[in-house]
Asker: 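Before anything else, here's the structure in question.
So that the names make sense, note that chain A is the first sequence line, chain B the second, and so on, each numbered from 1. Here the structure is a predicted model, which means the values were calculated and not measured.
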There are 2 protein chains.
Amino acid sequence: MDCSDFRKRGKEMVDYIADYIEEIEKRQVYPDLNPGYLRPMLPESAPEDPETFEDVMKDVERVIMPGVTHWHSPYFFAYFPAGQSYPSLLADMLCGAIGCIGFSWTASPACTELETVMLDWLGKMINLPKEFLAGNDGEGGGVIQGTASEASLMVLLAARTKVLQQLQLKHPELSKAEIMDKLVGYSSDQAHSSVERAGLIGGVKMKVIPSDEKFAARGPALRKAMEEDKAAGLIPFFFCATLGTTPSCAFDNLLELGPICKEENIWLHIDAAYAGSAFVCPEFRHFMKGVEFANSFNFNPHKWLLVNFDCSTLWVKKRTDLTEAFKLNPVYLQHNHQDSGLITDYRHWQIPLGRRFRSLKMWFVFRMYGVKGLQEHIRKHIRLAREFEDLVRQDERFEISAGVTLGLVCFRLKGSNELNKALLENINHTRKIHIVPCKLRDKFVLRFVICSRTTESHHVQFAWQHITELAAELLNGGSRTQGNQ
Amino acid sequence: MDCSDFRKRGKEMVDYIADYIEEIEKRQVYPDLNPGYLRPMLPESAPEDPETFEDVMKDVERVIMPGVTHWHSPYFFAYFPAGQSYPSLLADMLCGAIGCIGFSWTASPACTELETVMLDWLGKMINLPKEFLAGNDGEGGGVIQGTASEASLMVLLAARTKVLQQLQLKHPELSKAEIMDKLVGYSSDQAHSSVERAGLIGGVKMKVIPSDEKFAARGPALRKAMEEDKAAGLIPFFFCATLGTTPSCAFDNLLELGPICKEENIWLHIDAAYAGSAFVCPEFRHFMKGVEFANSFNFNPHKWLLVNFDCSTLWVKKRTDLTEAFKLNPVYLQHNHQDSGLITDYRHWQIPLGRRFRSLKMWFVFRMYGVKGLQEHIRKHIRLAREFEDLVRQDERFEISAGVTLGLVCFRLKGSNELNKALLENINHTRKIHIVPCKLRDKFVLRFVICSRTTESHHVQFAWQHITELAAELLNGGSRTQGNQ
C-alpha cells in the first residue's frame with residue numbers, strides 16, 4: 001500500500017467509521033455467539049503474500065463485527081462509559097501519524113510539553129487545588145496514565161518508596177523486608193479491585209475498611225482500622241479514597257478521611273475514575289470537597305469526557321514523589337536538558353517506558369467542545385439517569401438500591417437475588433440492551449449507566465419499557481432463559 | 001462536530017497525514033527549541049466555547065510540529081525503530097471507532113479472540129515452539145502488552161507468585177516477607193533498565209551478571225552468581241535473557257543459560273524487544289536457539305514489524321502462571337462464560353484493567369504485507385545497516401564497537417570519549433540526522449539504527465557523509481558546538 005492508496009483507503013475508512021457510528025443502533029448491542037467462534041473463521045496462519053484492503057474490510061464485517069459488544073450503542077448501559085468523540089478520533093489519527101515514542105522530553109518535546117499543559121488545563125477545568133498543577137514553577141503536575149489501575153499502582157509504589165526511605169533513616173536497624181512486612185494500606189470495601197491488586201503487586205498489605213450505609217468510607221472506620229493495626233505493630237502508609245465507586249457511584253467522605261491521613265502522615269490517593277469528569281460542572285464539585293488533603297488525584301477522561309481510551313489523568317502535589325520512586329538513567333536515554341528543572345521525562349512518572357502522544361486527544365476535544373460543550377455532555381447524562389431513576393421509583397415492583405449521584409442507577413426487583421439474576425439474564429439474553437450487575441452488601445443489584453454520547457430520552461424510555469416487560473414475564477412465571485447462554 | 005463534519009474533516013486529516021508522511025524528509029528531524037517552548041504558545045486554560053477544526057489544525061503546524069522529533073523521518077537513526085505503516089494506521093482508526101474496552105471476553109469477544117489468534121499467527125511466523133501457542137487446546141498463549149517493560153514486570157510478578165507458593169508449601173515456617181527478602185532475579189549487565197525497575201516494583205532483588213566480550217550473558221557467569229547467592233542463603237527465582245540488547249544488539253547465549261535455568265527451576269524470560277521481529281526471516285533464527293528453554297518470550301512488533309505503538313507481544317508456556325498471579329473477580333466483571341476453559345479474560349494477563357482492540361493492527365499489517373512483505377522490510381533494514389557498517393570500516397579514523405547483528409551499528413571515532421561526545425553533540429546540534437549514544441564498558445559509543453520504513457541507501461550514504469564531514473571538522477580543531485543546546 002503506497003501513499004496514494006492510503007489517501008483512497010483512509011477516506012473509505014473515514015466513511016466506514018461514520019457509517020458505523022451513525023447506524024450503530026441497528027446493530028445488536030451485545031453479541032450472540034459462543035466462545036471460540038472466531039478461530040474457525042480465519043486461516044491457521046498469516047498469508048505469505050499480501051492481501052487487499054477490500055479482503056480485510058470484508059472480513060471486518062464477516063468476522064469482527066458479529067463479535068463486537070457495541071460500547072457506543074445508545075442501548076449500551078453496562079460498566080461505565082468509554083469515551084469517544086469525533087475530535088478524539090481525529091486526534092488519534094494524527095497521533096498515529098506522528099508516531100513518536102515520548103519517553104523523554106527530547107524524544108519528542110511537543111509530546112511531553114502539550115501533556116503538561118493539558119493536565120493543567122484539565123486540572124483548572126475541574127478546579128483542582130493549584131498545588132496539583134505544574135504551571136511555570138509548581139512542584140506538582142499531571143501525567144496521562146493508561147488506566148486508573150496503573151495510576152493507583154504508581155502512587156502506591158511512590159508512597160511505599162517514600163515511607164521506606166523515611167523509616168530506614170529513622171530505624172536503620174530494620175531491613176527493607178522487615179519494613180515492607182509491616183506496611184499496610186487501606187481502601188473502602190467499595191474500592192475498585194485494582195487497588196487490592198496494586199497492593200499484591202507492590203508486595204504490601206492492603207486492607208478494606210467497611211463503608212457506611214451509603215457505601216461511603218468514613219473517618220471513624222479508618223481510624224479504628226489504623227489504631228488496631230498500629231497496636232499490632234503495623235505501619236499504615238496509604239489510603240485510597242474513591243469518589244464514585246464502581247458498584248454504586250458512592251463518594252468517600254474526604255472531609256473526615258483527609259484530616260486523619262494528614263495527621264497520621266499517610267499518602268491519600270483519590271480514585272475518581274468515573275466521577276472525576278463530572279467536576280467540570282460546578283454543581284457537582286461538592287462531591288470533591290476535601291480534595292485539598294490528597295497527595296494524588298486520578299480520573300479517566302477516557303470514561304466520561306469524550307476522550308478515547310486510553311487517557312487516565314493523574315496529578316500529584318509533589319512530582320518528585322513519583323519521579324524519585326524508581327529513577328534509572330541509562331546512557332541511551334540521557335540528554336542535555338534532563339537536569340534543567342524545566343523539563344519533564346514522563347518515563348519516570350509511569351510503569352511503561354514508551355508512550356504515545358495522547359495529549360493530542362485532550363487538546364482536540366477540549367478545544368472543539370469547549371468547556372461548555374463538555375458540561376453539556378455531563379449534564380445530559382445525569383439528566384437521563386434521573387429520568388431512569390424516576391421511572392424505577394414509579395414502579396412499585398422495583399426498588400432503587402443506592403443513592404443516584406451521577407449517571408449510574410442501581411436498581412432491582414423487590415425480591416430475591418435469584419429473581420434479579422434471572423431478570424438480568426433475560427435482559428442480556430434478549431440483547432436489546434446491555435447492562436451488568438453488582439453486589440451491594442448481600443444484594444444482587446442491576447446497574448444501569450448512561451454510557452453512549454448519543455443516548456437520548458427515547459433510548460432510556462425504551463430500555464425501561466423493555467426491562468418492565470421482561471420483569472412482568474418473569475413475575476408471571478414465564479422465563480426466556482434457556483440455560484446458560 | 002456532527003457526523004457529516006467528521007466525514008469532511010476525517011478525509012482532510014487523511015490527506016494531512018499522507019502529506020506529512022510523504023514529505024517528512026523536508027522537516028528537520030530533530031527540533032531546535034528550548035524546554036518550556038510550548039506553554040507560552042497556548043492559552044492558560046481551555047476555551048469556554050468550541051473552536052473550529054481549522055483553528056486546531058493551524059495550531060498543529062504552529063505549536064506541535066516545531067516540537068516533534070520526527071521518528072519516521074528517513075534521517076532518524078536514534079533509539080530503535082517505532083513501527084508505522086498505512087495498514088496499521090487504518091486499523092487504528094477502526095480500533096478507535098469500535099472503541100470497546102476489552103478487559104474480559106464478554107466485554108467484546110472479537111477483541112479477545114482476534115488477539116489470541118493473532119498471537120498464534122505471529123508465534124508461528126517467528127517459529128516459536130508450539131508450547132507457546134494457544135491453539136485449540138494448548139496451555140500456552142500470547143497477549144498484547146503495552147510495552148516490553150510491562151511484559152517484564154508481569155512475568156517477574158508471575159514468577160514471584162509461583163516461587164512464593166512453592167516455598168510457602170515447602171517451608172510453612174517462613175513468612176511471605178522472609179521469602180521475598182531472599183528472592184533474587186538476574187539479568188546481564190546489558191539488559192534494559194526496565195528489568196531492574198521490575199525488580200524494584202516487585203520488591204525483589206535483581207542482580208546483573210557480567211556479559212562477555214561480545215556483550216552476551218553466558219552460562220558460567222550466571223552459574224557463579226547463583227552459587228554465591230545460594231551459599232549466602234538467597235533464593236534465585238528468575239532470569240531475564242536478552243536477545244538483541246539495547247546498547248549493542250547483543251544476544252545472550254540461551255543454549256548455555258537455558259539448561260541452567262531448567263536445572264535450577266528458575267523462570268527464564270526472554271526479552272527480544274527489538275530483535276524479535278527479525279525472526280520472521282529464517283536466516284536470523286539462529287539468534288533464538290535455545291528459546292525452547294524459556295517460560296516466557298516477549299518482543300515488540302511496534303518496534304520493527306510495522307505495527308504502530310503500542311503492541312508488545314508476550315507469550316507464556318503456561319498461561320495459568322500469569323492468570324493465577326493476581327486473579328480478582330468482582331461481581332461487575334463476572335460473566336457466564338468465564339469458567340468454561342474456552343475463553344480468555346485478558347485482564348488477568350496484564351497490569352491494567354482496560355485494553356484497546358490492538359490486535360486489529362496486527363491483523364491488518366500481517367494480511368496487507370503478507371509474511372513476504374514483512375521479511376522484505378526486515379531484510380532491507382539489515383542490508384542498509386551492513387552498508388553503513390562497511391562505510392565505517394572503510395574509514396580508518398573510525399572503529400566498529402560491537403558486532404553488527406541486525407539493524408544497529410555501534411561505532412566511534414578512534415580516540416577519547418570526549419571526542420565522541422563532541423561528535424555526537426555536533427551531529428545532533430546540526431539536526432540533519434538524529435542518533436543517540438550508548439556506553440559499552442567504559443567507552444562512549446554512537447548508535448546508528450536503521451529506523452524508518454522509508455530509509456533508503458541514499459539516506460544512509462548522506463548520513464555517513466555528514467558524519468565524516470563533522471568528524472573532519474572536529475579532528476581539524478573546529479567545533480560547531482556552542483555550549484549546551
Asker: Does a salt bridge link A:Glu51 with B:Arg367, judged by any charged N lying under 4.0 Å from a carboxylate O?
Answerer: yes

Asker: Against chain A, label B:Pro31 side chain, backbone, both or neither, depending on which of its atoms sit under 4.5 Å from a heavy atom there.
Answerer: side chain

Asker: Examine whether an atom of B:Asp5 lies under 4.5 Å from a heavy atom of chain A, and if so say whether it belongs to the side chain, the backbone or both; otherwise answer neither.
Answerer: neither

Asker: Is the backbone of A:Pro43 close enough, under 3.5 Å, to the side chain of B:Trp121 for a donor and an acceptor to pair up by distance?
Answerer: yes

Asker: Side chain, backbone, both or neither: which part of B:Asp120 has a heavy atom under 4.5 Å from chain A?
Answerer: side chain

Asker: Determine yes or no for a side-chain-to-main-chain donor-acceptor pair under 3.5 angstrom, with A:His72 supplying the side chain and B:Gly99 the backbone.
Answerer: yes

Asker: Where is the tightest heavy-atom contact between B:Tyr86 and A:Met1, given as atom of each residue plus distance?
Answerer: CD1-O, 3.3 Å

Asker: Should A:Asn308 and B:Arg356 be marked as a side chain to side chain contact (heavy atoms under 4.5 Å, CB included) after you check the CA-CA gap, both sets of side-chain angles, and the distance that decides it?
Answerer: CA-CA 10 Å; A:Asn308 270 65; B:Arg356 280 173 302 132; over 6 Å; no

Asker: Are A:Arg39 and B:Thr116 side-chain neighbours, meaning at least one heavy-atom pair lies under 4.5 Å?
Answerer: yes

Asker: Side chain, backbone, both or neither: which part of A:Met57 has a non-hydrogen atom closer than 4.5 Å to chain B?
Answerer: side chain

Asker: Please round to the nearest 0.5 Å and tell me the distance separating atom CG of B:Asp59 and atom CZ of A:Phe364.
Answerer: 9.5 Å

Asker: Kindly say whether A:Val56 contributes a backbone atom to a donor-acceptor pair with the side chain of B:Trp363 at under 3.5 angstrom?
Answerer: no

Asker: Side chain from CB out, backbone as N, CA, C, O: work out which of these in A:Met65 comes under 4.5 Å of a heavy atom of chain B, or both, or neither.
Answerer: side chain

Asker: Search all heavy atoms of B:Thr147 against all heavy atoms of A:Leu353 and return the closest pair with its distance.
Answerer: OG1-N, 4.2 Å

Asker: Checking B:Glu150 side chain against A:Ile351 main chain: does a donor-acceptor pair fall under 3.5 Å?
Answerer: no

Asker: Among A:Met180, A:Arg160, A:Glu178, which has the most heavy-atom pairs under 4.5 Å with chain B?
Answerer: A:Arg160

Asker: Examine whether an atom of A:Val60 lies under 4.5 Å from a heavy atom of chain B, and if so say whether it belongs to the side chain, the backbone or both; otherwise answer neither.
Answerer: both

Asker: Checking heavy atoms, do the side chain of A:Glu48, its backbone, both or neither come under 4.5 Å from chain B?
Answerer: both

Asker: Give me the atom names and distance for the closest heavy-atom approach of A:Tyr37 to B:Ala110.
Answerer: OH-CB, 3.2 Å

Asker: So do the side chains of B:Tyr79 and A:Ile101 get within less than 4.5 Å of each other, counting heavy atoms only?
Answerer: no

Asker: Relative to chain A, which segment of B:Met368 carries a heavy atom at a distance below 4.5 Å: side chain, backbone, both, or neither?
Answerer: both

Asker: Looking at CZ of A:Phe6 and CD1 of B:Ile17, how far apart are the two atoms once the value is rounded to the nearest 0.5 Å?
Answerer: 5.0 Å

Asker: Begin from the C-alpha positions of A:Asp181 and B:Lys176 and carry the test salt bridge (Lys or Arg N to Asp or Glu O under 4.0 Å) through to its verdict.
Answerer: CA-CA 8 Å; A:Asp181 197 32; B:Lys176 194 180 152 192; over 6 Å; no

Asker: Which region of A:Asp55, side chain (C-beta onward) or backbone (N, CA, C, O), has a non-hydrogen atom less than 4.5 Å from a non-hydrogen atom of chain B, or is it both or neither?
Answerer: both

Asker: Tell me whether A:Lys124 contacts the main-chain N or O of B:Glu44 through its side chain, where contact means a donor paired with an acceptor under 3.5 Å.
Answerer: yes

Asker: Test side chain to side chain contact (heavy atoms under 4.5 Å, CB included) on A:Met93 and B:Val14 and set out the steps.
Answerer: CA-CA 8 Å; A:Met93 289 166 68; B:Val14 168; 3.7 Å; yes

Asker: Please look at B:Leu153 and chain A and tell me whether the side chain, the backbone, both or neither of the residue comes under 4.5 angstrom of a heavy atom of that chain.
Answerer: side chain

Asker: When you check the gap from the basic side-chain N to the acidic O, do B:Glu22 and A:Arg7 get nearer than 4.0 Å?
Answerer: yes

Asker: Which heavy atom of A:Ile98 sits nearest to which heavy atom of B:Tyr20, and what is that distance?
Answerer: CA-CE2, 4.1 Å

Asker: Heavy-atom cut-off 4.5 Å, strictly under: side chain, backbone, both or neither for B:Ser108 against chain A?
Answerer: both

Asker: With a 4.5 angstrom heavy-atom cut-off, is it the side chain or the backbone of A:Ile64 that approaches chain B, or both, or neither?
Answerer: both

